[in-house]
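These numbers come from the heavy atoms of this one structure, side chains and all, not from hydrogens, waters or symmetry mates. Naming: A, B, ... by sequence-line order, numbering from 1 per chain.
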2 protein chains.
Amino acid sequence: MALKIEMLRAFCTVAQTGNLSEAANRLGRTQSAVSMTLKQMEDHLGKRLFEGERKNQLSPLGEQVFELAQKQVRQFDQTLQSIEMAAEAAHGLLRIVSVPSVAALVFPSVLEHMTARHPGLKVELRDTDTQQVLDALAEGKADIGIASGHHPLNGVKAVPLFEDRFGLVCSTDHPLFTREQPPAIADVINACFVRNALCDLIRNERFVEASSTADVTIHNTHSLITMVRTGKWVTVLPQTVARFMPETTAFRPIADLPDKRAVYLYQRERSRFAALTEECCAFIQSCDLSGEPG
Amino acid sequence: MALKIEMLRAFCTVAQTGNLSEAANRLGRTQSAVSMTLKQMEDHLGKRLFEGERKNQLSPLGEQVFELAQKQVRQFDQTLQSIEMAAEAAHGLLRIVSVPSVAALVFPSVLEHMTARHPGLKVELRDTDTQQVLDALAEGKADIGIASGHHPLNGVKAVPLFEDRFGLVCSTDHPLFTREQPPAIADVINACFVRNALCDLIRNERFVEASSTADVTIHNTHSLITMVRTGKWVTVLPQTVARFMPETTAFRPIADLPDKRAVYLYQRERSRFAALTEECCAFIQSCDLSGEPG
DNA sequence: GGCCATGCTTCAATTTTTCTGAAGTTGCTT
DNA sequence: AAGCAACTTCAGAAAAATTGAAGCATGGCC
């Protein structure tokens, strides 16, 4: 018999638990049902997916299949959720995806503004990296996206939203912040510098070259904050992101790093509830999002 | 009952054909089976997916669901194919994804080299845009990727493969090619200039600004070739891409556009058949891919 | 209007698929 | 060697999918 999504799901659960009865439990089936499903799958592929007598050791093929199957199952579930959400939303549905830094800035007021004006409106907000924001738009999983940089996409309108200067982020008592003279790229890199994902948006040659020697890279924002709070480590971030750092951290422009990140608003052109999308985009653009006060 | 992948598939087929019996035909079922499946789906969602008596007009919700469902079905089928391919490949499997321009350059010799050395080896070659190359790597659907630019990815090693200077591509009898003095950006843009997807890789400010005024953009390579062959239109491409244009077209560097595109080789770190992947990457790197002769 | 064709739905019967509970292996532990 | 835990196998039961026949609208045509 052909492979089915439920077979993949069963396989993934067993691969994760390493144990049939626990997997059967989670799937709400009996052990024997799961056993037979797995057997069907192995028969279909003509190869074993597990090694040894027990189910706690994947074969090399199993490993590979697990990786593919898990992604597929997750995506399938997400699609179903999207479909069901779309069906439930009788009074309108807005699906907004944004990079985390702007999400924190924009989501609260958007949510308030739109729900107040449209009772019964469903809103779906999600934050991920630029990459996945663009994916979601391309795949029709979002109506509005906010991401760094300008990326032309079919059927999606892109407008610049705001710009955001990069600068030094460090503890308020760090020498590079307290001293009078503004810091330069070299000063920052020579301090205990932590690279982060947003640094990759900087095109400035001098910075790119200098930062490539950095030993530490942290992608998780929370860990990054923790590092900077120790007072020893410093990093480079756009100003609006720095806003969300705790009181004891400070932002300061870097003299020879005038680079800004350009944040774009993406708007799906042919969506159901196009009027809502339009209204929401207009509202987002009307917000003052610039990093610099005034 | 819950939504299943076969329901989505049935729905998509009906949405495409606009007609039950034709859809039933394609699905290898009877009309009534498809009708009932659709009914289940509508019952589950609590909304109609089609408007009117016939199945030839999607409702707004139907449109949205169609978009999501079709993507899902396609992806599911592709995953199954990947899984089955992985299972069949007893003697090894290499999955290579590349941007089209480099694919044409690299695939033939890679294929020859690897299959000669490894009888029974399965090789999967695919070409798409940079975006999807990276996706395939991230999702474990490819072992080796070739794409423009450096994009850090978890579990994937990236090494520069070669650089490729951008230049004017036009008919061999175009004034900008036949005249002695090399063309400048302004000359190119002021000719009948056709933008293309690869132009977006150029960071050069002067070019970016100038090209934004271009009226025509063509993404399909074949159409692009046709336009250039007319002798009237010109475009800008990396030199290795220009190699594959017909005899009657020529490549010429642009004086004030020294930009190159950097092509990177991406190698998945933990893959089954890691030794094969390693060997293949070594071979690709050993190829002479530079655009300039000598 | 009456007749017919088309496209779809509904229904009861049938086939296919999936699931279960019980019994049977296997290999490890004591 | 008895006990146990993890898994497989089996036959019957339950659930789901599919079918063919019958039925119901709609719209064209004489």
*Pairs where residues 123-152 of chain B contributes a residue and the test ring pair (Phe, Tyr, Trp, His ring centres under 6.0 Å) is met, not counting sequence neighbours*: B/H150-B/Y264
*Identify, between B/N56 and A/R54, the residue whose nearest nucleotide on DNA chain C lies closer to the 5' end.*
B/N56
_Any residue in residues 17-33 of chain B with a heavy atom nearer than 4.0 angstrom to DNA chain D? Just list them by number, or reply none._
B/R29, B/T30, B/S32, B/A33
_Applying side chain to side chain contact (heavy atoms under 4.5 Å, CB included) to A/Y266 and A/V97, what does each step give before you reach the verdict?_
CA-CA 10 Å; A/Y266 294 88; A/V97 190; over 6 Å; no
*Please check if the distance between the ring centroids of B/F66 and B/F50 is under 6.0 Å.*
no
_As a test of understanding, state which of A/R270, A/K141, A/R268 forms a salt bridge (Lys or Arg N to Asp or Glu O under 4.0 Å) with B/E67._
A/R268
*Check whether any side-chain N or O of B/E42 sits under 3.5 Å from a backbone N or O of B/L49 as a donor-acceptor pair, and report yes or no.*
yes
_Strictly by salt bridge (Lys or Arg N to Asp or Glu O under 4.0 Å), give each pair with a member in residues 121-131 of chain A just once, sequence neighbours left out._
A/E88-A/K122
*Indicate whether any N or O donor in one side chain lies under 3.5 Å from an N or O acceptor in the other, for B/T79 and A/Q72.*
yes
*Interface with DNA chain C, restricted to residues 1-12 of chain A and to heavy atoms under 4.0 Å*: A/M1, A/K4
_Just to verify, what does A/E84 make a side chain to side chain donor-acceptor pair (under 3.5 Å) with, not counting sequence neighbours?_
B/H44
*asked:* Counting neighbours of CD on B/E269 that are heavy atoms of other residues, nucleotides or ligands and sit closer than 6.0 Å, is the number greater than 12?
replied: yes
*asked:* Any side-chain N or O of A/S35 below 4.0 angstrom from OP1/OP2 of D/dT8?
replied: yes
*Taking the side chain from A/K55 and the backbone from A/N19, do they hold a donor-acceptor pair closer than 3.5 Å?*
no
*Which parts of residues 36-53 of chain A get close to DNA chain D, meaning a heavy atom less than 4.0 angstrom away?*
A/M36, A/K39, A/E53
